[in-house]
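Here is the structure we will look at.
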Amino acid sequence: MRYLILSDIHSNLEALEAVLAAAARQYDAVLSLGDVVGYGADPNAVVEKVRALKPVASIRGNHDKVAAGLDSSEDFNSLARAAALWTQRTLSPSNLEYVRGLAAGPAIVDADIEICHGSPLDEDFYIVADVDAAHAIGAAKRRLCFFGHTHVAMCGRMDGRRRIEIQTPDGQPELEISLADGVKYLINPGSVGQPRDGDARAAYAIVDLTRGVVRLQRVAYPIEIAQKKILEAGLPPPLAYRLGMGR
Ligand code: ZN
């Protein structure tokens, strides 16, 4: 079984299309880790594309919750709030209903994989420090736990000695992780539509359970088109600029 893992697409159609083209024929099913919308200028086109992919598991992110009216925007900074409220006004009734219906994580996918937006313990928690990663990996019910929310690609692994090791792609187009027996993994594929690890290219992951490999991938996309649409939509300009910096 091979999964394409998408996280934090954030209404960035150009980034999503680049990922789908790059990953074509390399997966059997899709997993979506949330934050399909928010920040970007194409919430309807992105939601429709994700719906058409028929993810076998699809959970909500904090931006999905606010855009769907399930949560208040009081924890958001002014830029995120403006974008979430614009998204709420812009989504078609059918797409708004889809976003509202996304399940809370974590979700068990199969015997090997679970997914969450923030952490297996709290869908809104940011796993930043090693101690957070260790806590999350300990709480994971499967040997492979995929998460998003921070928009930073990384792989944490923990073996029987309970020591966590973190690996990051460091600007490389691909990081291949060979899965070992007796090891648990906590993996963030990075963000499709708003990467924040200094690499502006769209990020995604492919898991091949048959070969025992996870690949963290990057693909370039026409950032200037996504930026132009954000500015033309009247969304806050910093949301356009940050795409070019990968921050
Ligand atoms: Zn996000």
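One-based numbering, in listed order, for ligands and for the atoms of each. Any value given below was found using the heavy atoms of this structure, including those in side chains, with hydrogens, waters and symmetry copies removed.
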Taking 2.8 Å as the cut-off, does His10 contribute an N, O or S atom near the Zn ion (ligand 1), distance below it? yes
The atom name of the N, O or S atom in Asp35 nearest to the Zn ion (ligand 1) is OD2
Carboxylate-amine/guanidinium contact Lys228 Glu224, below 4.0 Å: no
Should the pair Lys65-Glu123 be classified as a salt bridge under the 4.0 Å nitrogen-to-oxygen rule? yes
How about His63 and Tyr39: are their ring centres within less than 6.0 Å of each other? yes
My understanding is that only one of Ile113, Ile59, Leu53, Leu6 makes a side-chain contact (heavy atoms from CB on, under 4.5 Å) with Leu31; could you say which? Ile113
Does the shortest distance from the Zn ion (ligand 1) to an N/O/S atom of His117 fall below 2.8 Å? no
If you check every N/O/S atom of Asp8, which is the one nearest the Zn ion (ligand 1)? OD1
Of all the N, O or S atoms in His151, the one nearest to the Zn ion (ligand 1) is NE2
Pairing of Arg100 and Glu97 as salt bridge, 4.0 angstrom limit: yes
